[in-house]
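Here the structure is laid out as structure tokens; the discussion comes afterwards.
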Amino acid sequence: MDIQTCRHSLSHVLAAAVQQLMPGAKLGIGPATDEGFYYDFLLPEGCSFTPETLKQIEKAMRKLLGGGAPFVRKDLPVADARRHFEAQGETFKVELIDDLEKDGSREVGLYELGAFADLCAGPHVASAAELRSVAFALDRVAGAYWRGSEKNPMLQRIYALAFATKEELADYRRRREEAMARDHRRLGVEMELFATSPLVGKGLPLLLPKGATLRRILERFIVDEELARGYQHVYTPDLGRKKMYEISGHWDHYQTHMYPAIAVDGEDYVLRPMTCPHHFMIYAHKPRSYRDLPVRLAELATQYRKEDSGSLTGLIRVMSFHLSDSHILCAPEQLRDEFLAVVDLVGHVMRQLGVRDSIGFRASLRDENSEKYVDNPELWDHAEKTLIEILDQLGVPYETARGEAAFYGPKLDVQMRNVLGKEDTVITIQIDFALPERFELTYVDHRGAEQRPVAIHRASIGCIERTMAFLIEHYAGAFPSWLAPVQARLLTITDDQIPFAREALAAARKCGIRCELDERNEKIGRKMRDARLQRIPYLLVIGAREAEQRCLTVRNRDTGAQQSLPLDAFLSNLCRETAERSLVLSAEAPSAAS
RNA sequence: GCCAACGUAGCUCAGUCGGUAGAGCAGCUCACUCGUAAUGAGCAGGUCGUCGGUUCGAUUCCGACCGUUGGCUCCA
């Protein structure tokens, strides 16, 4: 039997069991998911699902399966079905029936399982007996708004896992365990990359020296890359007058993500949620000629966005972050080439980081029925049409998402999945005809006439914090050497080697290698273990022989290969590997030296 | 923000059906000077997240708050 059908049928069994144990629990909906199923309930006052009740519910479910009652389909006229569910007090089901009727249904499907009946289109297995072989387990409880809207009551959702075989279930659980082991929050603590403090506040992570190193590597990389591509880097303040954000439209359309205004000498200032107005003011500080365009202003900008506290997670969702931001102001006829150049930059960055194959594209358009967007339908149509044309020209596969646009324009989002399968945007490229108009930005064309530039808002390496989180998870902490906060660690066998080891450390640091020395009075096995837990790319063992010959025994983290190399040879190998941003470790190989 | 669970030493966790707590690792000291995933011994470390309430007595029960986690909503 098809596993999705089994999962869905099991959700009915779950609902039946819950109503047995908790009379008065109202039913929401209970679909199958990719790894099992869930069912939503509104519990009677004072009731909640605890680990113990989940156990009882699971037991009751197995009993129902043992009973082997058939799933019986009945098609009822809408009025009869409504009467049935009204009598049961199932107000959510009544609401669903009302909607079905509105959509033109005259009859609705009902599935009975013993005394339990649920509104359902089906299909289902023939009887509960068929589900006995399915490996399932109630997994966790979660809150979920009825029909996904925060205006509706919050229901209790039980998520369950269900697979055709025990082996598949065990395999899924094992994979989830492994995923949790590479969760950036866990590795962030183990590898001393970042920390949080309740006193500093939630969503405000502290980058420890090693996390700061990773951030500095990414920042230096991206700034150099952008400068090479014709960007001009600027610095602008984190604060700006509220009035500026009223003109931009942020105050009207984005205020839920902005912190309250700060009154200073009778003037309101806000912490910026975005950098665009500041950059536009740089553009506007002098008259611009068509000869100046495109103007590509870039900044590693600190931004502040107020978030629902429940959504803050590690480095992925924070309250203050640093975006590799840029605003490109160009003539309309330059838009396509500029956009393509940004996509090229993003592709380059993703390849250099080694994550090109882990990303997906999403065209985020406006939702015409929503009021969160600036009101100018012609501009929107033009901008969205342009975006789609460019994407089709690019020939990359992409999804389309309505209602995901920025308030001022459509965007191309680069999506990345985190280790637990959750998708987030790492990079976004947006087309904006609206804000240049609001700020009355102009340039003079070759005939001397004033024209309106178009803006591209874009990130290149994304928000540094979030990108770091994805990199940590992608590599499970085992970074390529150019990204590793610590590239090599010297390990001495006995105290006798400390002088040479210190010399080697100084030499490594002098040529820019991020190197540490473990000169503790510990056995080499212990030093190895500690270094490997830190996922350091190269372990450099120095014993009596090495000190004597001024060489290192180099161990490659990824291959386990071991080589004795003269100190200078290894340092130059690693310097070159770093400069090349190699994704493969090979600095221990003598052939690499030339 | 909403729903739920959780919060005991730096970390991972045990424990107290109400009489103020223990282990491993990490840290410090000493010994060992050792060749590829944990050397041994000793010492120190906690107003049991915070603040209130109930109680003769609260880490334990209740409430509020803070924080963490999983969802929902929202988003870089």
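Protein chains get the first letters and strands the later ones, always in sequence-line order, with residue 1 at the start of each.
- Between the CG atom of A:L505 and the CZ atom of A:F500 there is a distance of 11.5 Å, given to the nearest 0.5 Å.
- Put simply, CG on A:D518 is 13 Å from C1' on B:A37, counting in whole angstrom units.
- Computed from coordinates, the A:L312 CG to B:C2 P distance equals 14 Å when rounded to whole Å.
- Among the heavy atoms of the strands lying under 4.0 Å from A:T553 is at least one base atom, whether or not backbone atoms are also near.
- Annotation: B:U50 and B:A4 have their P atoms spaced 24 Å apart (nearest Å).
- Counting only Watson-Crick and G-U wobble pairs whose two key distances fall under 3.5 Å, RNA chain B forms stems of three or more stacked pairs at B:1-7 with B:66-72, B:10-13 with B:22-25, B:27-31 with B:39-43, B:49-53 with B:61-65.
- Remark: the backbone N or O of A:E465 is not paired with any side-chain donor or acceptor of A:H322 at under 3.5 angstrom.
- If you measure from atom CZ of A:F407 to atom C1' of B:C75, you get 14 Å, rounded to the nearest angstrom.
- For the OP1/OP2 pair of B:C75 and a distance below 4.0 Å, the side-chain nitrogens and oxygens of A:S311 include no atom meeting the criterion.
- Residue contacts for A:G148: at a heavy-atom cut-off of 4.0 Å it reaches the sugar-phosphate backbone alone, with no base atom in range.
- Residue A:R532 has its side chain nearest to B:A37 when only B:G35, B:A37, B:C72 are considered.
- Considering only the side chain of A:D495, B:U33 comes nearest among B:C75, B:U33, B:A37.
- Straight-line distance between the C1' atoms of B:C13 and B:C6: roughly 14 Å, to the nearest whole Å.
- A:Q19 meets the side chain to side chain contact (heavy atoms under 4.5 Å, CB included) test with A:L27, A:E90, A:F116; sequence neighbours excluded.
- Nearest-nucleotide positions on RNA chain B for A:E404 and A:D496 put A:D496 closer to the 5' end.
- A:Q415 contributes no side-chain N or O that, together with a main-chain N or O of A:I359, makes up a donor-acceptor pair within less than 3.5 Å.
- Side-chain polar atoms of A:R402 and A:S364 form no donor-acceptor pair below 3.5 angstrom.
- Considering only the side chain of A:Y254, B:C75 comes nearest among B:A38, B:C2, B:C75.
- Scanning residues 175-190 of chain A for heavy-atom distances under 4.0 Å to RNA chain B yields A:R185.
- Spacing between atom CZ of A:R555 and atom P of B:G35 amounts to 16 Å, rounded to whole angstrom units.
- Ion pairing between A:K411 and A:E404 fails under the 4.0 Å rule for side-chain N and carboxylate O.
- Here A:F321 counts as stacked on B:A76: its ring centre is under 5.5 angstrom from the base ring centre and the planes meet at under 30°.
- Here B:U36 is the nucleotide among B:U36, B:A76, B:G70 with the atom lying nearest to any side-chain atom of A:Q562.
- Across B:A76, B:G70, B:U73, the shortest atom-to-atom separation from the side chain of A:K411 is found for B:A76.
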Which protein N or O atoms sit under 3.5 Å from an N or O of nucleotides 39-48 of chain B?
unit_1	atom_1	unit_2	atom_2	d
B:U39	OP1	A:E522	OE1	3.4
B:U39	OP1	A:R526	NH1	3.4

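- Taking atom CZ of A:R305 as the reference point, atom P of B:C75 lies 11 Å away to the nearest angstrom.
- A:T425 comes within 4.0 angstrom of sugar-phosphate atoms only, judged by non-hydrogen atoms across all strands, and of no base.
- Seen from the ring of A:Y373, A:R366 does not count as a face-on cation partner, given the 6.0 Å and 45° thresholds.
- OP1 or OP2 of B:A76 has not a single side-chain nitrogen or oxygen of A:R466 nearer than 4.0 Å.
- Checking B:A38, B:C34, B:G35 against the side-chain heavy atoms of A:T494 singles out B:C34 as nearest.
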What nitrogen or oxygen pairs link the protein and nucleotides 3-6 of chain B at under 3.5 Å?
unit_1	atom_1	unit_2	atom_2	d
B:C3	O2'	A:Q156	OE1	3.0
B:C3	O2'	A:Q156	NE2	2.1
B:C3	O2	A:G143	N	3.2

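- A:E546 comes within 4.0 angstrom of a nucleotide base, judged by non-hydrogen atoms across all strands.
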For nucleotides 63-67 of chain B, tabulate all protein N/O to nucleotide N/O atom pairs closer than 3.5 Å, reporting atom names and distance.
unit_1	atom_1	unit_2	atom_2	d
B:G67	OP2	A:K202	NZ	2.8

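- One donor-acceptor pair, N or O on each side, does fall under 3.5 Å between the base of B:A76 and the side chain of A:E307.
- Which of B:G1, B:A76, B:U36 sits closest to the side chain of A:T428 comes down to B:A76.
- Checking A:L323 against A:G314, the closest nucleotide of RNA chain B that is more toward the 5' end is the one next to A:G314.
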